[in-house]
Amino acid sequence: MSAPDVCAVALSGNRIALVPARSGHAPAADDSRVLPLEEGLALMARLESEDAPRWVCWSAAAALWPAVRAGLALRRVWDLAEAHRLLVGGWEATPQLVWAAAHGLPRSGLPQAPSGDLFDLVATTGDQPGPDDVTTPAGYLRPDADTDEWLGGDGHLAAYAQAALGCQLAQTGRLQQVSPRGISCATSESAASLLCLELERDGLPIDRAAATDLIAEAAGPRPESDADEREIRRVRDQRVLRHAPGHEDTDLRNPAHVRELLASAGVHVPNTRKWVLEPYRATHPLVAALLDWRRDERIATTYGYHWLDRHVGADDRLRGAWSACDGAAGRMTAQNGLHNLPAPLRPAVAAAPGHAFVRADLGQIEPRVLAVVSADAEFAAATRADDLYLPVAGQLGVERPTAKIAVLAAMYGQRSGAAGEALRRLERAYPVAMGFLDRAYAAGLAGRPVRTFGGRLIRLDAALPPGVDLSDRGRIDSARGRFARNAVIQGAAAELFKAWAATVRATTADLGAQIVLCLHDELLVHVPEGAAEEVAARVEQALVDSARRWSGTDAVRFVADTSVIHRWSEAKG
DNA sequence: GATTTCACGTA
DNA sequence: CGTACGTGAAATCC
């Protein structure tokens, strides 16, 4: 047959099934291969270099992890689970759900796997597959299709991989229906899913000595024993409690106790959150000591020696699991503190010897995204400026800070609106963009789902907490309105970001570049020192190209602040 | 033991 | 100036 442009991959135990095909055509049966893992990876490497097929899998995490771990740099992927999340919203994406949604089968008809107990007599629907069938008579994917038990059967793994190809075909049809950009967005989400595996494999370079010093500043020296640890903790607590004679027994980790402690010192607050206490910092030395203690305690507990030992490997890389999208608007998520490392620890994120970081973050991404998704020509014109709030301020006849607050208030909130008059002028100056936001808000209020620019379904049918009375209804509805309005912007921004990251990955790999951190609007790329300037230039070019492809227009300008640094903490620009 | 609440870091 | 996420400690539920 002619060169394959897709190849299904499925794994079970130590075996791998590869099914090369021409997209849209049934694969020839004799092209399927079921091989021991090592041989399969060798074949994948050969196919990748000869044909660069799109690797189709039920999920990259399940099917591609061994290939990524082995260092294969796959170029094109289709992750059925990610495409499914785009199509139907939320995060659930078992192969059975993915198959059913792609084929338009109702969820209510999903067959249950026999569990072997007496209830099977009443629980099973009767829609049970034959022993070697990958689908049921009603057309669903068999309930145990993804279990090692069934996949161990003769021919089953190849059939499961082949089913992924059929599922992709059905899925692309659905995606085309829901959004003109659905397919390109699913491609980009799939690339992000593969990138997540590489992020987990490669980790974030850490200067262990620097990290240890920074932790010591907050948490004290590394404890030698449990008793030592208790003593260090007691001393840390004492720095607060010495300001509260007679209350030395207070448990500082118990907010209720802390609130009582503060009351005894004459500071009466509804809760002990930082922004509530901050105004009292100068009122009583106890408050200042408590707030400093909280900052140090955060590092000591969440980012202390325990964290360093558990998540930073022998190769000085911080590793955590990554996910290509959350269950809401679709931003990437990461575990083990990769997404919420406190700023004081950032000097410890350092390029390895002979390497540098190319750090780039998107400037004013959300208002620029609003210009794209609302197709507001006037607002798009403002994005030609490096600082879009300047032309907006001119248009509104207000100062820049006022214009910025008005734009942010329009996109996110306008509850405690200091914006007032500026907001009304914004409505007049950019009726198209503001109308877009109003419609998203109205959909949220009514509980109607919305779709992002790329086609991701944002569901608003989340079950209400029990016992919600009518007086809470308005509050909950308006929260949904704000959620929907935020999601169409935040979600679209996430789509552009992933398209950009995928392009950077593809266009800088030959220079030995590794993306080591994705932070919503910021990329950190680890590169050999000599390649840094070239990678920085390609990161900028990648934004121009991916933004044009994603937005479908040249009318909206996106900007990145890109620099070559050696520690993450180094100043921007 | 699992889930919820509080608190706080990031964007 | 709102939304989202992940984490840990204590309280609470079962």
Side-chain angles (χ1 to χ4, degrees), chain A residues 91 204 218-219 233 237 250-259 269-278 290-304 306-307 310-311 320-346 349 361-367 369-370 401-402 404-419 422-423 437 440-441 444 452 456 458 460 462 465-466 478-494 497 517-524 568:
Chain A
W91 210 80
L204 181 67
R233 215 165 86 149
D237 293 2
T250 304
D251 180 358
L252 294 175
R253 291 158 193 84
N254 183 325
H257 292 184
V258 171
R259 187 165 166 262
V269 284
N271 60 58
T272 72
R273 296 206 152 103
K274 191 169 84 168
W275 54 89
V276 173
L277 290 181
E278 202 63 56
L290 177 67
L291 288 168
D292 291 346
W293 177 91
R294 283 253 178 90
R295 185 199 56 221
D296 290 347
E297 176 75 2
R298 159 87 20 198
I299 292 179
T301 54
T302 306
Y303 302 99
H306 186 230
W307 169 80
R310 253 206 309 192
H311 303 305
W322 288 76
S323 130
C325 71
D326 59 30
R331 298 221 288 199
M332 294 174 77
T333 68
Q335 296 187 320
N336 300 343
L338 281 156
H339 266 182
N340 40 9
L341 209 64
L345 289 182
R346 291 187 175 198
V349 177
D361 74 296
L362 300 175
Q364 304 171 336
I365 181 174
E366 294 188 333
V369 159
L370 172 61
T402 309
K404 180 175 178 178
I405 287 171
V407 169
L408 295 176
M411 281 194 299
Y412 303 145
Q414 69 201 133
R415 275 201 306 181
S416 52
L423 259 174
L437 293 169
Y441 185 79
T452 63
R456 182 179 299 275
I458 309 292
L460 289 136
S478 67
R480 274 208 288 237
R482 288 195 304 278
F483 169 68
R485 182 170 48 193
N486 185 266
V488 291
I489 301 298
Q490 189 187 96
F497 177 83
L517 192 72
C518 293
L519 196 45
H520 308 315
D521 65 355
E522 180 175 356
L523 273 178
L524 203 58
W568 194 19

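Quick note on labels: first sequence line is chain A, next is B, and so on, each numbered from 1.
Whole-Å rounding puts the A:Lys404 NZ to C:dG2 C1' distance at 14 Å. For the pair A:His306 NE2 and C:dG8 P, the interatomic distance rounds to 8 Å; values are reported in whole Å. Between the CE atom of A:Met411 and the C1' atom of C:dT3 there is a distance of 12 Å, rounded to whole Å. Distance, A:Arg253 CZ to C:dA9 P: 9 Å, rounded to whole Å. Regarding A:Arg233, its CZ atom lies at a distance of 15 Å from the P atom of C:dG8, rounded to whole Å. Between the CG atom of A:Asp326 and the C1' atom of C:dT3 there is a distance of 10 Å, given to the nearest Å. What separates CG of A:Leu345 from C1' of C:dT7 is a distance of 14 Å, to the nearest Å. One interatomic measurement links the two molecules: CH2 of A:Trp91 to P of C:dC5, which rounds to 12 Å at whole-angstrom precision.
Taking every side-chain heavy atom of A:Asp251 into account, C:dA10 is the closest of C:dT3, C:dA4, C:dA10.
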For this session: Let me have a per-nucleotide readout for nucleotides 4-11 of chain B, 5' to 3', with B, S or -, counting only protein heavy atoms under 4.0 Å.
Result: --SBBBSB
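In terms of position on DNA chain C, the residue among A:Ala329 and A:Asn336 whose nearest nucleotide sits closer to the 5' end is A:Ala329.
Considering only side-chain N and O atoms, A:Arg310 lies under 4.0 angstrom from the phosphate OP1 or OP2 of C:dG8.
For A:Thr272, the side-chain contact (heavy atoms from CB on, under 4.5 Å) partners two or more places apart in sequence, or in a different chain, are A:Pro255, A:Val258, A:Arg259, A:Leu262, A:Leu277, A:Arg294. For A:Val488, the side-chain contact (heavy atoms from CB on, under 4.5 Å) partners at least two apart in sequence or on another chain are A:Phe436, A:Ala440, A:Val450. Looking at residues two or more places apart in sequence or on another chain, you find no side-chain hydrogen bond (donor to acceptor under 3.5 Å, both in side chains) involving A:Arg273. A search for side-chain contact (heavy atoms from CB on, under 4.5 Å) contacts involving A:Ala324 returns A:Glu82, A:Ala192, A:Ser193, A:Cys196, not counting sequence neighbours.
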For residues 332-344 of chain A, dump all side-chain donor-acceptor pairs below 3.5 Å to protein atoms at least two apart in sequence or in another chain.
residue	atom	partner	partner atom	Å
A:Thr333	OG1	A:Ser323	OG	3.4
A:Asn336	ND2	A:His311	ND1	3.1
A:Asn336	ND2	A:Arg319	O	2.9
A:His339	NE2	A:Cys518	O	2.6
A:Asn340	OD1	A:Tyr303	OH	3.2

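The NE2 atom of A:His257 sits 11.0 Å away from the CG atom of A:Leu252 when rounded to the nearest 0.5 Å.
Counting any heavy atom pair closer than 4.0 Å across all strands shown, A:Ala334 reaches sugar-phosphate atoms only and no base atom.
Considering every non-hydrogen atom in both A:Phe483 and A:Leu460, the closest pair reads CD2-CD2, 3.5 Å.
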